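What follows is a single structure, written as structure tokens, with notes after it.
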Amino acid sequence: MKPNHSTRTGRILALSGRTVTELCRDPLSWIFALVFPFLMLALFRLIDSRIPPEAGMTQFRPGNIGPGILVFAQNFLTLFVALLVSGDRDSAFLTRLLASPAVPAEFHWGYALPAMALGILQGGLTMTAVWLLSLTGGEALSFAGCMGAVVCTIPSMAFCVGLGILLGKLLSSKAAPGIASAVLSLSSFLGGCWMDVNLLGDVYAKICTVLPWYPAVRIGRWLLGTADFVPADAAVICLWAAGIHIAALLANRRR
Amino acid sequence: MKHENSITVRHLTKKYGTKTAVDDISFDVEAGTVFALLGTNGAGKTTAVKCLCGLTEPDAGEIGYDTETGLRAPMDCREHFGLSPQENAVGMHLTVEENLRLMGKIYGVPHIPERTEQVLAQFGLTEERRTRGKALSGGMGRRLSIAMALFSRPKVLFLDEPTLGLDVLARRELWKIVESLRGQTTVLLTTHYMEEAQALADRIAVMQKGKIAAMGTLEELREQSGTDSTASLEDIFVRIMEGGSV
């Protein structure tokens, strides 16, 4: 009989496959990750259509609102991943995995990589819808810019996924969704997803620029030509993404 | 020289804050035998298992597994372990078959499809193969959880309260499976069912408040507790609990 032999890559792929199956079979994933952003886009389109052109209000035009919805929707990944990880802990499934040859970093990436793939799919579909809306509204955004926004906000999506893993590791399956939902709400305010953060004063705006959400929204808007480029934005998001994954990797390694 | 896959535990201690869950326990488990940790709820059995399979870092003491390459710590030989935790540890959105295959992939088991069929049949799960984890009854979920632990043909198997929530027939079926492992797999079993320990274990350690109050074969426990030769394990256990350490 051949002896057992597993490789690090094989284990990460096995755990990723399991996460994909769990996410695909959870109706919440489809509703919130793929349907909800479209509903929001439709709602903001409706609001925009009711604003008379002479008002000069462009906040709800696809070029502004698109990156906001893109970054806001990424926070649903925090919710899914937190639910999945905390649920595994509650069901002792994670205990089983921790006693297997897989090391903590392997099931970290086993959760993170499929969630990020779902995030890219979500972002691609959302920004394709934004591009199509822009064509009908006379704004005509560049498709390359829309897809560029998806690619350039991958670090903020990675942050959301890492935060989900961290919350799932630290909180119970009852507490994790509540906290993740609070983060979701915070992200919309602190990310300036559908409002100008400067309206709430300089201090508020400064706080927003050092958190991961607003810099990501601003990069998206820059790629669509509706905001200026701020060089520090990319660094802020990347630092948050790296920091949260390191924290998640270190959390509860061995109890 | 001990046999391969035997377990040596010396002065194992684990504390959670001010509470000492496992208090300076030492024992040996011979390769291919069934060793039971018996005790009431909160006696420290699960904590001891967590230390033994590398899930928890002990505060003091040593745990060694005698392997082909010498004595190794738990963290270094997890590919040889199978664990069935106290709660059902299955992927809720995965089918029975997918849960088993996942174990095969993580442990790098060769010929996974054939092994899956074998384990499904062994645990009477063939008809439930496409049922998702969350839709399984308590008993079926328990069977799957144990089947997952055995999928990789582990050299050391940890069964933490394996028959908790199982009906009598399912319990007896599991006993047969554990019996069939004797000689090939070292089994460490925790239970608070006296008849289970009596039926399965070659040696039994009775745990009380984190300590080993008595340890040995059934005969040795009878001697240690001063009960007669017909005394059941339950009689012995009650005597030990009432009298403290023997």
Side-chain angles (χ1 to χ4, degrees), chain A residues 1-30 80-81 83-107 109-111 114 118 168-169 172-173 252-255, chain B residues 14 16 46-47 49-58 68 74-95 98-99 101-112 114-115 132-134 141 145-146 148-149 151-158 160:
Chain A
M1 194 186 298
K2 276 174 70 178
N4 296 346
H5 177 70
S6 65
T7 61
R8 176 168 284 232
T9 311
R11 291 193 293 266
I12 291 175
L13 285 175
L15 293 165
S16 298
R18 177 259 165 177
T19 304
V20 168
T21 312
E22 293 269 1
L23 286 175
C24 289
R25 288 182 184 166
D26 187 349
L28 274 180
S29 310
W30 297 104
F80 304 145
V81 176
L83 270 171
L84 184 60
V85 177
S86 61
D88 282 350
R89 282 176 56 235
D90 277 6
S91 73
F93 192 74
L94 203 61
T95 305
R96 183 190 289 289
L97 297 181
L98 282 163
S100 78
V103 296
E106 290 166 7
F107 30 76
W109 297 116
Y111 286 121
L118 178 69
K169 278 186 169 184
S172 70
S173 61
N252 279 0
R253 287 190 73 179
R254 293 178 74 192
R255 283 180 289 171
Chain B
K14 178 68 188 177
Y16 291 110
T46 298
T47 305
V49 166
K50 282 185 174 176
C51 293
L52 285 164
C53 61
L55 280 170
T56 301
E57 185 94 57
E68 292 165 338
M75 288 299 282
D76 300 329
C77 38
R78 288 182 304 162
E79 70 272 23
H80 300 307
F81 293 167
L83 167 70
S84 175
Q86 204 172 101
E87 305 87 13
N88 288 353
V90 305
M92 290 299 167
H93 289 288
L94 302 185
T95 64
E98 287 165 347
N99 269 296
R101 284 171 186 256
L102 175 64
M103 286 299 105
K105 288 175 191 166
I106 288 174
Y107 283 85
V109 176
H111 312 301
I112 291 173
E114 291 83 353
R115 178 67 181 150
R132 292 189 191 174
K134 65 177 179 181
S145 191
I146 296 164
M148 288 166 76
F151 193 90
S152 62
R153 298 186 185 90
K155 291 178 178 170
V156 180
L157 178 64
F158 298 98
D160 193 5

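All values reported here derive from a predicted model rather than from experimental measurement. Here is how names work: the chains are called A, B, and so on, in the same order as the sequence lines, proteins then strands, and each is numbered from 1.
- From B/Tyr107, atom OH reaches atom CZ of A/Arg11 across 10.5 Å, with rounding to the nearest 0.5 Å.
- Look at B/Glu98 and A/Arg25 and you find a salt bridge, because one of the NZ, NE, NH1 or NH2 atoms lies within 4.0 Å of a carboxylate O, short of that distance.
- Atom CD1 in A/Ile12 sits 11.5 Å away from atom CD1 in B/Ile106 (nearest 0.5 Å).
- Heavy-atom pairs under 4.5 Å with chain B were tallied for A/Ala99, A/Gly110, A/Gly87, A/Ala102; the largest tally goes to A/Ala99.
- Using a 4.5 Å cut-off between heavy atoms, B/Thr95 contacts chain A through both its backbone and its side chain.
- Contact detail for B/Asn99 and A/Phe93: the closest heavy-atom pair is OD1-CE1, 3.9 Å.
- In terms of heavy atoms, A/Ala14 sits closest to B/Leu102 at O-CD1, 3.4 Å.
- Considering every non-hydrogen atom in both A/Glu22 and B/Met92, the closest pair reads OE2-N, 3.6 Å.
- Highest contact tally toward chain A, considering only B/Met148, B/His93, B/Arg132, is held by B/His93 [criterion: heavy-atom pairs under 4.5 Å].
- Taking chain A as the reference chain and counting heavy-atom pairs below 4.5 Å, the highest number among B/Cys53, B/Cys77, B/Ala89 is found for B/Ala89.
- One distance of note links OG1 of A/Thr95 with CD of B/Gln86; it measures 10.5 Å at 0.5 Å rounding.
- Shown here for B/Gly108 and A/Ser6, the closest heavy-atom pair between the two residues is N-CB, 3.5 Å.
- Between the side chain of B/Arg78 and the backbone N or O of A/Ser100, at least one donor-acceptor pair lies under 3.5 Å.
- Across every non-hydrogen atom of A/Arg96 and B/Leu83, the tightest pair is NH1-O, 2.9 Å.
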